[in-house]
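Can you read through this structure? Questions will come right after.
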Amino acid sequence: MSRPIQINNHPFRFLLYLEWVLLVFSVLMVILPSPSPKFAAKFPELTICSLAFFGLMGLRLPTSNQFGKIIYTATEVFLILITGFFGGRTARLFPFLYLILVTRSCLIFQLPGRLTVTFLSFVLFLMTLKTRLPPNRLTPIVQERFRFFSFSLSVLFGLSLVFVLVLMNAVLSERQSREKLAIANDKLRQYALKIENQATLEERNRIAREIHDSLGHSLTALNLQLETALKLSKSDMPRAMTFLARAKELGSKALQDVRNSVSTMRSHPLQSQSLAQAISILVEDFQRANGILPTCLISLDYPIPTEMSIPIYRIIQESFTNISKYAQASLVQLELTTTDKAVKLIIQDNGRGFDVTQNTTGFGLQSMRDRTLALGGEFTINSAQNSGCQIIVDIPLVRWKT
């Protein structure tokens, strides 16, 4: 089954209107009274119909099927020949149809087809011009002048065809570049939206896991303390009060867990403050919660782009959270430095550590790894049982420079 011919509207409406203006001018050359019978159109009705049909063909241009393009162009050439042979010599003095033919060929063919149609147009023009050579009975001076005029007209028309071809190629190249840029921008927006949705989903999952692990555990323990206190309230009030006091502590801890979860949900944690200031707040919160003041070394000789600041902040925040929950450390060190090529973050503690071959798939560690990889960096974990933990994040800075 043959492939159907796809036909589209003229992509440049102003060119179509210009074509019609030239065709109207050609029609006027046919219908206006001629100064000599030799210049009058032989069949003006046929010529006008050919010009009208040629103009209407510009409304629809074939764009996909190669055979359809060839038939379309052959039809145009046939109409031009009809106009040339039956439109009189006056019509042949204004070869606008060849310029329109080259213009349309640029819209439907690739470069080889455009060059072929341009060359064909020039050959047809020369053939038409040859039919108007003066008879031999004219004086040699008149013949020489006419030949010079014909040569000049041929050169001028050839340069006009080349100009139209080059101009259309430039216009089409610029349009294709804009279309490609628009497509690339659209894909970039879709990718950015996908990344944003993925990041939002990861944050929700992380917060859900954190609520389950911290708040859920605290509430479960709180419920057990209250149940025990309720049982002992009738027989051993002092012990019941001890369990109630413990329940109060668990309630306070659960409330703090809720506040921490809400804090991590802020869409712009660095809003109105620098990364160094945000890190100092994390350090203060960590000290209040754990009684340990992390040792910090922050040396930002080269500024960190905004696109990297929030992920780095989240990595530090997640690291402090993991240390608070699992490490049982007494010493925490944080080092954040920048060079002209990379950003390096090192967070380490002297806690109980873990086996990296068995415990590297946790949600927190996976979240830090994903954030690092999204920035084109490397994420490394060095840890062992009872030997602390070291997290190294190395992110190239060159790709983010403007």
Side-chain angles (χ1 to χ4, degrees), residues 202-266 269 273 277-296 313-334 347-356 358-368 381 383-391:
E202 290 179 356
E203 284 298 314
R204 290 176 178 175
N205 291 337
R206 190 186 73 83
I207 295 171
R209 179 69 62 85
E210 182 176 325
I211 292 175
H212 176 271
D213 293 343
S214 59
L215 182 60
H217 174 75
S218 298
L219 293 178
T220 301
L222 174 62
N223 185 54
L224 292 175
Q225 297 292 328
L226 291 175
E227 288 182 356
T228 305
L230 182 61
K231 294 178 181 178
L232 295 176
S233 60
K234 297 180 180 179
S235 59
D236 193 346
M237 195 61 180
R239 290 188 61 191
M241 293 299 296
T242 302
F243 283 99
L244 287 175
R246 177 57 181 164
K248 183 180 181 302
E249 294 177 0
L250 291 173
S252 300
K253 184 177 183 303
L255 180 60
Q256 184 62 37
D257 291 337
V258 171
R259 289 174 177 173
N260 292 337
S261 299
V262 172
S263 176
T264 59
M265 293 178 65
R266 292 182 300 173
Q273 61 184 355
Q277 293 172 336
I279 294 175
S280 64
I281 295 176
L282 285 179
V283 170
E284 293 175 0
D285 293 341
F286 183 87
Q287 182 185 16
R288 283 195 297 267
N290 302 276
I292 302 172
L293 178 61
T295 302
C296 296
Y313 173 86
R314 292 302 189 191
I315 292 173
I316 297 174
Q317 183 184 49
E318 187 66 40
S319 299
F320 281 176
T321 300
N322 288 343
I323 294 173
S324 299
K325 289 182 178 180
Y326 311 115
Q328 298 179 3
S330 60
L331 177 64
V332 178
Q333 295 179 335
L334 184 149
I347 303 174
Q348 59 185 6
D349 62 79
N350 63 346
R352 61 181 184 175
F354 57 91
D355 186 354
V356 295
Q358 299 179 359
N359 296 278
T360 58
T361 59
F363 187 85
L365 294 177
Q366 186 62 40
S367 176
M368 289 188 283
I381 302 177
S383 182
Q385 291 290 347
N386 301 319
S387 298
C389 177
Q390 182 187 57
I391 293 177

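From a predicted model like this one, the values you see are computed outputs, not experimental measurements.
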What I'd like to find out is whether the side chain of F320 reaches to under 4.5 Å of the side chain of D285, using heavy atoms alone.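 Result no, sub-4.5 Å side-chain heavy-atom pair not found.
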
Please round to the nearest 0.5 Å and tell me the distance separating atom CG of L226 and atom CG of L244.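 That separation rounds to 6.5 Å.
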
Side-chain donor or acceptor of D355 paired with backbone N/O of Q385 under 3.5 Å: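 No.
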
Can you find a heavy atom in the side chain of L331 that is under 4.5 Å from one in the side chain of Q348?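 In short, these two side chains do not touch, never coming nearer than 4.5 Å.
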
Set out, in order, the CA-CA distance, both residues' side-chain angles and the distance that settles side-chain contact (heavy atoms from CB on, under 4.5 Å) for I381 and M368, then state yes or no. CA-CA 11 Å; I381 302 177; M368 289 188 283; over 6 Å; no

With rounding to the nearest 0.5 angstrom, report the CG to CD1 distance, N350 to I323.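 It comes to 9.5 Å.
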
Can you confirm whether L334 sits close enough to T295 that some side-chain heavy atom of one is under 4.5 Å from a side-chain heavy atom of the other?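 No; the side chains remain at least 4.5 Å from each other.
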
E318 and I315, any side-chain heavy atoms less than 4.5 Å apart: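 SC-SC contact between I315 and E318 ruled out.
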
Could you tell me the separation between the CD1 atom of I279 and the OH atom of Y313, rounded to the nearest 0.5 Å?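 If I round to the nearest 0.5 Å, the distance is 9.0 Å.
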
Exam field: side chain R352 to backbone Q328, donor-acceptor pair closer than 3.5 Å: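 No, because the side chain of R352 does not come within donor-acceptor range (under 3.5 Å) of the backbone of Q328.
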
Looking at side-chain heavy atoms only, is the closest gap between I347 and Q333 below 4.5 Å?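 Of all side-chain heavy-atom pairs linking Q333 with I347, none is under 4.5 Å.
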
Hey, could you give me the OG1/CE distance between T242 and M237, rounded to the nearest 0.5 Å?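 Those atoms lie 10.5 Å apart.
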
With rounding to the nearest 0.5 angstrom, report the CZ to OG1 distance, F286 to T321.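 Reported to 0.5 Å precision, the distance equals 9.0 Å.
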
Distance-only, no hydrogens or angles: does the N290 side chain make a donor-acceptor pair with backbone N or O of I292 under 3.5 Å?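 No; zero donor-acceptor contacts below 3.5 Å.
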
Main chain of V356, side chain of S383: is a donor-acceptor contact present, judged purely on distance under 3.5 Å?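 Not a single qualifying donor-acceptor pair exists.
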
Qualifying residue for side-chain contact (heavy atoms from CB on, under 4.5 Å) with F354, from N386, N322, L365: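 For F354, the side-chain contact (heavy atoms from CB on, under 4.5 Å) test succeeds with only one of N386, N322, L365, which is L365.
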
Nearest-0.5 Å distance, CG of residue L282 to CZ of residue R314: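 Atom-to-atom, L282:CG and R314:CZ are 9.0 Å apart.
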
